[in-house]
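Worksheet: one structure, shown below.
Position 1 is the first residue of the sequence, and the numbers go up from there.
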Amino acid sequence: MKQFQFDYKNEENLFRTLKRIRQWCESTIVSGVVFQIYTETLNKSKIKSICSMIESEIPDSLYMGASTNGNIIMGDKSKDSISIICTVYEYPSTHIKLFQFPLSEETAQSVTDSLIKYIRENPWVKSIKTFTTMRGMSMTDYCNYLAELPRNIAFCGGGAFSEDMNENDAFVFSSEGTISDHATVFLLTGGEDYHVMTAHVTGWKPLGRHLAVTKAKGPVLYELDGKPAYETYYRYLNIKNDENFFTNTLEFPFIYELNGMDILRAPIASNPDGSITMTADIAENVQARISYGDPWTILESVYNTAISFQDFIPQTFTVFSCAARRTFWGDDEVGNETKPFQSIAPTSGFYTSGEFLRQGRYVNQHNVTLVVEAEREGDIEGKEIPQVDMDTEEFSGKVSMINRLATFIQASTEELEEANRQLGKAAITDGLTRLFNRTEIQRRISDISGKNEGMGALGRVRAGSSLIMIDIDNFKHVNDTYGHNEGDIVLQKLSDMLKRVIADMAPGSSIGRWGGEEFMILLPGCDIEKAENVAEAFRINFATIEFPNAPSQTISLGVTEMIVGELADISCMRADDALYEAKKTGKNKSVIH
C-alpha cells in the first residue's frame, strides 16, 4: 500500500502530481487506486474540475470526497482549502468498491438494505468508510439499520460539513455519482491480505451528578430533571444564552451511555423556550452528565490510543475528527492530537459534523470525538514495530490543576450520591431486621393496588396478589425470660429465613416488619394456593431454627388473596383477621381468609 498526500494549489500543480502518480502506478503492481478529496470550499465547479482531471489522468481510479470544516494532511491541519489523498493498493487480492446513494430519512432503510445485500454476496469486504451528508437529518434509524451489517465488518466515517460551522450547506461526491447535498458514499475495501483496525478518542471527563433526560426529541434536548435544559448550563457553569453560547459550551458537552459506550453530545444553540439544540440526536430517559475537556487528559487518551496501534503496524491512518475539537484546540494546536498517528504511518482525514464508528454490534454516531481507522496490506512478520513520537512530559507523572479539580468534583459527587442512596435506603428499612419498614411495605401494597385519591390509605386492587401476615408465638415470653438481646436474635433469624424462602419460592415479593414481632409479606401475582405453600414453608423452616439461649420458636400466619376491585386496606385487615384466628385456635398454624 502506497499513499500520496498533497494539497490542491492550482490545476497545473495537480496535473503534474497526477502524472507522477500515474507513472508510479505503471511501474509496479496495482490492484486499485482511490482518491479522497476533502474541501473546505463549497465551490462545486472547482471540485468538478478536479474530478475531471483525475478521471482523465488515472481513468481506472475511484474517487470520493466531502465538504469539510478543515482538512487533515500528514497528521496536521492543512492550511489549504482542498486536500487530496491518493491510496494505491498493491496486493492482487485486495478489492475496492464504491457506492453512492441518495440519502434521506425516507431512503435510509433502502440504502442500508442495498449495502448489506452486496456485502453478504461479497464476503471479501472487511472495511467500510463513509462520507455522508447529515445536516437536518436524524441519523438514529440510519445507524440502527447499519447495525445489521455482518459483525466482522469495520465501519467508520464522517459527516460532511462546511468551513463555517453555522452554515448548513454540505455535500459529498464520488466517481459513482454527482455532487449532492443529500447523499452518502461508501468505500468498501477487503481481501485476504487486507487488514483494518479502528479506535476512537474522546478524552472528556464526566463532571458532577447524573441528570435525567426527561424530555428530548431528535437533536433537541428540552428538559433535564424536569427543568428546561438551558438552566443546567446557567446554574452550574454560569453560561449565558448569548452569541457566545456555542463557544462557551464546547468544553462542556454532555456524556451518556448508548449501546454500552460513552457518547458525547455538544450543544450548538440555546432556544427561547429553554431547550438546547444538540449536535445530534440525544436519547430520552437516559442519565447524562456534563463533561469537561482538559487538554492534558485528551492528549493522554490520544497517546494511549496511538500506542494501541503499534503492534498492528499500519500503513495508513484515516482520521475523522469533530469540528468541535478543532474549535476547542484552535488551528495552531489541533494537530497535537493527530500528529502522534502520523509518527506511525501517513495520516489524513477531515473535521466533521459527526463521526461514525462500529463497536461490537452497534454503529454509533459520535460528536466531539476522534475516530481513527488504520489499514495495512500483508502480514507483519519481520517488520519493525513503529514507535509513537509524542512529548509525554505534559501529562506524564503529573496532573493538571483542572484535572485534579474535575477528579475532586467527581469523587465528591459519587460520595454524595452514595450517601443519598444510603439515606434513602435507611428511610425505608427497619434497622434491626434490614427488611422494609411498615411505611415502605404499605407503600408497596399501595403501588400494586393502584392507589387513587379518595380511596383511603391504600387504593383498590388491580391484579391478583396475596398477603401473608406473621406473628411470633409467645414472643413476650422470650423477651421476659431470655432478655431483649435474645429476642432481637429471634427477630433477625426469622427475617433471614423469610428472605431465603422468598428468594427460592416467590422472587420479586416484598417483606416488611409490620411492627414489633409482626411481619407482612406481599406476593405479587401469587394466587392463594401458592401463598399458602409459601406460608407453610415459613412456618416449617422457622420451627427448625436454633437460638443461642431460647428454645425453638413457632409462628402463626394469616393468608389472604387480594380481590380485584376491593380496597387494599380491606385485604390487609382480612390478613390480620386470619392471623388472629390462627393465634386464637392454637398457634403454630396458617389460616386462610
Side-chain angles (χ1 to χ4, degrees), residues 422-446 457-458 466-523 526 531-560 569 571-593:
Q422 293 300 325
L423 286 172
K425 185 177 180 181
I428 64 173
T429 303
D430 175 65
L432 176 65
T433 64
R434 311 312 298 168
L435 302 175
F436 293 125
N437 56 27
R438 179 161 181 163
T439 300
E440 178 62 15
I441 192 65
Q442 281 185 315
R443 185 192 69 78
R444 287 173 177 250
I445 296 172
S446 174
L458 299 175
S466 296
L467 297 174
I468 300 174
M469 196 168 185
I470 298 173
D471 183 84
I472 302 176
D473 297 329
N474 307 312
F475 186 68
K476 184 176 184 302
H477 176 73
V478 174
N479 280 331
D480 291 346
T481 306
Y482 304 102
H484 286 277
N485 285 341
E486 188 75 0
D488 288 348
I489 292 172
V490 172
L491 292 169
Q492 289 168 337
K493 292 210 171 202
L494 170 60
S495 303
D496 293 341
M497 181 275 296
L498 295 176
K499 288 186 281 190
R500 288 196 303 271
V501 172
I502 283 296
D504 182 50
M505 297 185 66
S509 299
S510 299
I511 313 169
R513 187 178 181 188
W514 199 248
E517 66 271 25
E518 290 186 332
F519 297 80
M520 181 73 84
I521 297 90
L522 168 65
L523 298 96
C526 288
E532 183 181 13
N533 292 334
V534 173
E536 277 298 292
F538 288 156
R539 189 183 65 80
I540 294 169
N541 276 274
F542 184 66
T544 65
I545 294 176
E546 296 180 355
F547 303 102
N549 299 307
S552 298
Q553 302 295 307
T554 62
I555 54 176
S556 297
L557 306 96
V559 186
T560 191
D569 55 358
S571 301
C572 292
M573 290 172 62
R574 195 164 55 250
D576 187 55
D577 290 342
L579 174 60
Y580 177 76
E581 183 176 332
K583 302 284 285 186
K584 186 179 178 180
T585 58
K587 303 178 182 178
N588 189 23
K589 64 168 63 173
S590 300
V591 171
I592 300 173
H593 272 192

- Task: Starting from the C-alpha separation in whole Å, work towards a yes-or-no answer on side-chain contact (heavy atoms from CB on, under 4.5 Å) for F542 and I470.
- Result: CA-CA 11 Å; F542 184 66; I470 298 173; over 6 Å; no
- Could you tell me whether the side chain of D576 and the main chain of M469 form a donor-acceptor pair under 3.5 Å? no
- Query: How about F519 and L557: do any of their side-chain heavy atoms sit closer than 4.5 Å?
  - Reply: no
- Message: Could you work out, with side-chain hydrogen bond (donor to acceptor under 3.5 Å, both in side chains) as the rule, every residue matching K499, not counting sequence neighbours?
- Response: none
- Can you check whether C526's main-chain N or O pairs, donor with acceptor, with S466's side chain at less than 3.5 Å? yes
- Task: Rounded to the nearest 0.5 Å, what's the gap from CG on D488 to NZ on K493? Could you check?
- Result: 13.5 Å
- Message: Give me the atom names and distance for the closest heavy-atom approach of V478 to A550.
- Response: CG1-CB, 4.4 Å
- Quick one: closest heavy-atom pair of S552 and I545, and the distance? OG-O, 3.6 Å
- Polar side-chain atom of Q553 near backbone of P551 as donor-acceptor pair, under 3.5 Å: yes
- Just jot down the side chain to side chain contact (heavy atoms under 4.5 Å, CB included) partners of I428, sequence neighbours excluded, or say none. F436, E440
- Query: Which atom pair, heavy atoms only, marks the closest approach of A531 to V559?
  - Reply: CB-CG1, 3.8 Å
- Working for side-chain contact (heavy atoms from CB on, under 4.5 Å), residues V534 and I502: CA-CA 8 Å; V534 173; I502 283 296; 4.3 Å; yes
- L467 and L522, any side-chain heavy atoms less than 4.5 Å apart: yes
- Query: How far does CE of M520 sit from CZ of R438, to the nearest 0.5 angstrom?
  - Reply: 7.5 Å
- Answer yes if the side chains of S556 and D473 hold a donor-acceptor pair under 3.5 Å, and no otherwise. yes
- Item | Nearest atoms (heavy-atom pairs only) where A506 meets L523 | CB-CD2, 3.9 Å
- Message: Between S495 (side chain only) and L491 (backbone N and O only), is there a donor and an acceptor less than 3.5 Å apart?
- Response: yes
- Message: Regarding T433 and R513, do their side chains bring together a donor and an acceptor under 3.5 Å, going by distance alone?
- Response: no
- Task: Heavy atoms only: give me the nearest N549-Y482 pair and the separation to one decimal.
- Result: O-CE2, 3.8 Å
- Give the C-alpha distance, both sets of side-chain angles, the deciding distance and a yes or no for side-chain contact (heavy atoms from CB on, under 4.5 Å) between N541 and R500. CA-CA 10 Å; N541 276 274; R500 288 196 303 271; 5.8 Å; no
- Which atom pair, heavy atoms only, marks the closest approach of V490 to F547? CA-CE2, 3.6 Å
- Value rounded to 0.5 Å, distance of CG in N485 from CG in N479: 9.5 Å
- Item | Atom pair CD1 (I555) and CD1 (I468), whose distance is rounded to the nearest 0.5 Å | 9.5 Å
- Side chain to side chain, Q442 and W514, heavy atoms closer than 4.5 Å: yes
- Item | Point-to-point distance, once rounded to the nearest 0.5 Å, from CG of L494 to CD of Q492 | 11.0 Å
Scan the side chains in residues 585-593 for donor-acceptor partners under 3.5 Å anywhere in the protein, sequence neighbours excluded, and list what turns up.
{"unit_1": "T585", "atom_1": "OG1", "unit_2": "E581", "atom_2": "O", "d": "2.7"}
{"unit_1": "T585", "atom_1": "OG1", "unit_2": "K589", "atom_2": "NZ", "d": "3.1"}
{"unit_1": "K587", "atom_1": "NZ", "unit_2": "N474", "atom_2": "OD1", "d": "2.8"}
{"unit_1": "N588", "atom_1": "OD1", "unit_2": "R539", "atom_2": "NH1", "d": "3.3"}
{"unit_1": "K589", "atom_1": "NZ", "unit_2": "T585", "atom_2": "O", "d": "2.9"}
{"unit_1": "S590", "atom_1": "OG", "unit_2": "E536", "atom_2": "OE2", "d": "3.0"}
{"unit_1": "H593", "atom_1": "NE2", "unit_2": "E581", "atom_2": "OE1", "d": "2.7"}

- Message: What's the separation between atom CD1 in I511 and atom CD1 in I441, rounded to the nearest 0.5 Å?
- Response: 8.5 Å
